[in-house]
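Just below is one structure, and these are the notes that go with it.
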Number of protein chains: 2
Amino acid sequence: MRIVESFPEHDLTARARLRNAAIEIFAASGFNASVRDIATHAGVSAGLITHHFGSKENLRHECDLEVVRQYREIKSNGVAMTPTQSIAIISETNEYAPMLVYILRSVKDGGLAGREILEHMIEEAIVFSEEGVATGVVRPSRDPASRARYLVTSGLGGILLQLSLRAELDIGKLDLSEIGPIVRGIVDDVTLPTLEVYTEGVLADGAYLDEYLRVAANQNGQPAPRSETERKK
Amino acid sequence: MRIVESFPEHDLTARARLRNAAIEIFAASGFNASVRDIATHAGVSAGLITHHFGSKENLRHECDLEVVRQYREIKSNGVAMTPTQSIAIISETNEYAPMLVYILRSVKDGGLAGREILEHMIEEAIVFSEEGVATGVVRPSRDPASRARYLVTSGLGGILLQLSLRAELDIGKLDLSEIGPIVRGIVDDVTLPTLEVYTEGVLADGAYLDEYLRVAANQNGQPAPRSETERKK
DNA sequence: GATTCCACTATACGCATGTTCAGCAGATTA
DNA sequence: TAATCTGCTGAACATGCGTATAGTGGAATC
């Protein structure tokens, strides 16, 4: 007996193995990796990729979907937390390394998977912040959505930047087994200053914030409202 | 009469015009732009680039040097400030758009110019923080160097991430005249949450920080000291 | 005025890429 | 057993890339 619908059910098909090989190569070598490299790594010929996926772009798209699915699956078991913590936890399981690096690369250059996961993290941060405010752990904000977006993008962006400096993400191949220690090193370095800033702030008093609020209140149309309209689209 | 040493003095030489065209194209289209595109934009043939610079890599290197030089020149007039403020100020002058985007792109993919400028910003943040502590504007930190690095990388990384989302930095050409408004929009959106976090923090009390300090003090060798040794290299 | 020099162009070479296509081997079907 | 189907291969094609090279025209030098 044979399975007619080839793809959605069990993922032991050659097609799925090909896609997983692609995820690994994309993670290790970046999204400019050649289809020949992917095919070689999967032990098949280059033409088979076109045969199964039609084009490299389609293959990339299916990798995106699969990676997002994996991420959601992992995340569904745990509680909502800060992106730094999520990355730290995921980086502890070596099996997740390809997915993790794929995601980081995708976030960095604005890929579909990266956008999706980033927005997911922001949504997560919003509810996490609301809950924290309700239980008295987190301070309320004048603009909770903006703060959530800021905290997520700066947290994740900072890690990405440090990763660019430590791992040579952009040049040549990357040994996926090295990514765990590197990420954990970054998280370690970042934890103390993050906690300091999150609990004590950086500025000694509220002069700058008060000044900004005063200016923003006076000019009702510049620049705070501009940022609001821009945020909507 | 003719100038023998062609390059360092006044920058009206064809070679310099070629390099400036390269900076503009790299900024508009990314570092994968072809030498033919650069040559066309400069109104010359592709072979001339090889003739003057030897290789595309060398051209890129000279662009890096020039952009860093321009950045230092602009910065030398002003006071040290946070990277977000620096970017905001530079983004207000349209003339600087190519340099600004070139820098942002270079930081994003770990280029020489990006690394140099990032380290420069961190050094700047350290002295700025020291001065602030001395005058009572900035709170002292348990690890000032780590905090400076954290603040710079998260600030700049966050802007880069938001830029990836708003401008299609990675796909196709970018209209350099649009970058000013986009960057200013990002800065506007980020200013309030930044000021909030910097003056009030995010967490309501010091429980998490105290807990971290207690754990770090107990295990003298893990993980805080690890991060110290890693930071040194 | 003849010669040398040099910025510059046009063409072409070698290479890597994504994709196409004719064909093959083995399982399935008749 | 014969026919069919299909996952798969190997070679080839078109394209875009960085670079090498031969050649040209006009200025500088003698």
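Just so you know, these numbers use all the heavy atoms, side chains as well, and skip hydrogens, waters and symmetry mates. To find a chain, count down the sequence lines: A is the first, B the second, and so on, and within it residues start at 1.
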B:T82 side-chain N/O to B:Q85 backbone N/O, donor-acceptor pair under 3.5 Å: no
Looking at B:H61, I'd like to know if its NE2 atom is crowded, meaning that more than 12 non-hydrogen atoms belonging to other residues, nucleotides or ligands lie closer than 6.0 Å. no
Rounded distance in Å - CG (B:L18) to C1' (C:dT9): 14 Å
State whether a side-chain donor-acceptor pair under 3.5 Å links B:S177 with B:D175. yes
Mind telling me whether B:F26 and B:F31 have parallel, tilted or perpendicular rings, with 30° and 60° as the class edges? tilted
Atom NZ of A:K56 to atom P of C:dT17: distance rounded to whole Å? 9 Å
Consider the side chain of A:S34, meaning its heavy atoms from C-beta on, and name the nucleotide among D:dC8, C:dT19, C:dT17 that approaches it most closely. C:dT17
Hey, can you pull the residues of residues 22-32 of chain B with a non-hydrogen atom under 4.0 angstrom from DNA chain C? none
Tell me, which of residues 36-55 of chain B have any heavy atom that sits under 4.0 Å from an atom in DNA chain D? B:R36, B:T50, B:S55
Would the number of heavy atoms belonging to other residues, nucleotides or ligands and lying under 6.0 Å from CD of B:E57 be above 12? no
Here the distance between atom P of D:dG7 and atom CZ of A:R17, to the nearest Å, is 13 Å
Identify the residue among B:H52, B:E62, B:E66 that makes a side-chain hydrogen bond (donor to acceptor under 3.5 Å, both in side chains) with B:R19. B:E66
Electrostatic pair A:E73:A:R69 at N-O distance under 4.0 angstrom: yes
With heavy-atom distances below 4.5 Å as the criterion, would you say the side chains of B:K75 and B:S86 are in contact? yes
Return yes if some donor-acceptor pair links the side-chain N/O of B:S106 with the main-chain N/O of B:Y102 below 3.5 Å, else return no. no
One thing to verify: whether B:E168 and B:K173 come together as a salt bridge, which I'm taking to mean a side-chain N less than 4.0 angstrom from a carboxylate O. no
Using the six-membered ring of B:F53, assess whether NZ or CZ of B:R60 lies under 6.0 Å from its centre and within 45 degrees of the ring axis. no
Atom CG of B:N58 and atom P of D:dA20 are separated, to the nearest Å, by 11 Å
Between D:dG18 (C1') and B:R60 (CZ): distance, integer Å: 16 Å
Identify all pairs in which a protein N or O lies below 3.5 Å from an N or O of nucleotides 24-26 of chain C, and state each distance.
none

